[in-house]
Amino acid sequence: MDEGVQTENIRLQQQIDELEQELRGLHERAAQLRDALVSSNIGLWEWNITTNVVYFDEIWMTMIGYTPDELPQTFETWLNLMHPDDTERTLGSVQAYLNGETLTYETEHRLLTKEGTWRWILARGRITGHDATGKPVRMSGSHTDIDKRKRAEIEERRNLNLLNALLSSVPVILYETDSTGIITLYAGRAVGDVGLSSDDNEIVGQSVFDIYADVPELLDAHYRALAGEMQNLQTRLASSIFEMWIVPSSGMTSDSGRLIGVALDMTERQALQEQIITAQQAALRELSTPLLPIAEGVVVLPLIGSIDTRRAQEVTEALLDGVATYNAHTAIMDITGVQMVDTQVANSFIQAAQAVRLLGAQVMLTGIQPQIAQTLVQLGVDLGTIQTRSTLQAGIATVLREKLLVL
């Protein structure tokens with residue numbers, strides 16, 4: 001054989017071997033990514049807006065109990081599976097995003113499984129294609145199974161409604177607002193008795209800032225609560241003096257940003273005051289250490305307000321209970337809402353981390369504000385044994401990225 005031809009054949013074989021090796025690597029990487037999506041319960045979809053053809057991947061299908069060939073790959077398939085109570089809101093979110101009225105598409109809704117049950121899904125998506133005129137023609141995104149978390153939220157709300165019913169016979173007002181101040185729930189004393197309205201039902205759907213427009217101290221308290229500060233004050237409504245607690249939510253849920261307000265009529269039934277306050281303080285202590293599972297083996301403990309010796313002990317107990325209950329390998333302690341940290345508080349964080357390590361898990365501290373970082377340096381506090389990140393989002397991203405690398 002001609003030497004030049006032989007050399008060329010060798011070169012071609014080397015190229016073929018290299019391409020095969022690259023192809024094997026791509027297959028391995030694809031398998032790893034698929035395994036990561038499976039373990040995270042994340043299904044993918046792609047929607048041709050012009051033809052209404054939708055590609056649903058295998059994970060998307062199996063998430064609701066179907067095999068890939070059991071459902072038509074159409075927009076109508078998704079629409080027909082959606083819970084009727086969620087359809088209008090979800091389609092409104094899609095249209096608002098396509099119209100450019102919102103920067104992102106993200107919504108929670110229920111889909112009907114093959115077994116006939118409803119499963120909560122977190123849907124996210126983005127525009128991935130335009131036509132020559134700039135009109136969106138393709139959209140891609142993901143579905144994440146959030147059924148366990150959502151049902152836990154619903155159970156929590158059900159318990160709150162039960163509490164409202166129990167409070168209806170005592171001189172107490174309990175209400176809830178969303179992140180914009182709109183009242184979503186009201187129970188307890190008739191609103192007419194406190195000069196707000198003659199019809200109990202009218203108050204739901206109104207803005208707390210409109211209702212309390214003539215009560216400056218309450219306006220200020222609600223603004224502060226929306227910023228993450230729990231408020232406790234006394235104020236006059238109609239002919240009664242009320243003691244009020246306004247508690248911000250610190251959860252990583254769709255209810256994040258809501259407020260829970262409790263008002264106790266101090267003028268009437270004074271004998272109940274101590275019992276009611278004691279019960280509310282217990283509830284507030286529970287709210288002050290809300291442990292939230294956000295992924296398999298990962299829990300978050302967001303903290304707001306001041307940390308004293310008693311609360312530091314509660315934080316440690318909540319972390320240990322959470323790690324044991326959820327078999328967690330990482331507990332993220334977020335102190336974005338903590339405005340002051342001294343040596344005692346910093347040492348409590350270190351002790352909590354040491355206790356968690358005894359259970360085989362690690363603590364990550366997130367949300368350290370610049371002024372707190374400067375204070376820790378000045379105090380000579382060594383947090384070297386605790387992993388830190390600037391924000392809660394950065395901490396979660398780090399943990400999930402490490403989890404994917406392990407997978």
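In this text, all values refer to a predicted model and were calculated from it rather than measured experimentally.
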**Q.** Leu103 atom CG, neighbour heavy-atom count above 12 within 6.0 Å
**A.** no
Q | Any donor-acceptor pair under 3.5 Å from Ser348 side chain to Val345 backbone | A | yes
Q. Can you tell if the side chain of Leu292 reaches within under 4.5 Å of the side chain of Pro302, non-hydrogen atoms only?
A. yes
(Q) Name the residue from His83, Met63, Met82 that meets the side-chain contact (heavy atoms from CB on, under 4.5 Å) definition with Leu111. (A) Met82
(Q) Over 60° means perpendicular and under 30° means parallel, so tell me whether Trp78 and His143 are parallel, tilted or perpendicular. (A) tilted
Q) Under 3.5 Å, side chain of Asp178 to main-chain N/O of Arg258, donor-acceptor pair present? A) no
**Q.** Donor-acceptor contact below 3.5 Å, side chain Asp57 vs main chain Trp45
**A.** no
Q. Has the side chain of Thr90 got a donor or acceptor atom that lies under 3.5 Å from a matching backbone atom of Thr87?
A. no
Q) Any side-chain donor paired with an acceptor under 3.5 Å for Asn327 and Glu296? A) no
(Q) For a quick check under 3.5 Å, do Trp47 and Asn52 share a side-chain donor-acceptor pair by atom type? (A) yes
(Q) I need the minimum non-hydrogen distance between Leu319 and Ala352, along with the two atoms involved. (A) CD1-CB, 3.9 Å
Q. Is the number of heavy atoms from other residues, nucleotides or ligands under 6.0 Å of Arg357 CZ greater than 12?
A. yes
(Q) Per the salt bridge (charged side-chain N to carboxylate O under 4.0 Å, His left out) rule, what does the pair list look like for residues 212-221, sequence neighbours excluded? (A) Asp220-Arg224
Q. When you measure from the side chain of Asn48 to the backbone N and O of Val53, does any donor-acceptor pair fall under 3.5 Å?
A. no
Q) Is the backbone of His329 close enough, under 3.5 Å, to the side chain of Gln362 for a donor and an acceptor to pair up by distance? A) no
Q. Which pairs with one or both residues in residues 75-94 pass salt bridge (charged side-chain N to carboxylate O under 4.0 Å, His left out), sequence neighbours excluded?
A. Asp86-Arg89, Asp86-Arg110
Q. Charged N to carboxylate O below 4.0 Å: is that the case for Arg151 and Glu155?
A. no
Distance-only criterion, 3.5 Å: show the donor-acceptor pairs between side-chain atoms of residues 127-137 and protein atoms not counting sequence neighbours.
from	atom 1	to	atom 2	distance (Å)
Thr128	OG1	Arg138	NE	3.4
Thr128	OG1	Ser140	OG	3.1
Asp131	OD1	Thr133	N	3.0
Asp131	OD1	Thr133	OG1	2.7
Asp131	OD1	Gly134	N	3.0
Asp131	OD1	Lys135	N	2.8
Asp131	OD2	Thr133	OG1	3.4

Q: Measure the NZ-CG distance between Lys150 and Asp145 for me, rounded to the nearest 0.5 Å.
A: 13.0 Å
Q. So, the side chain of Thr77 versus the backbone of Pro72: is there a donor-acceptor pair under 3.5 Å, distance only?
A. yes
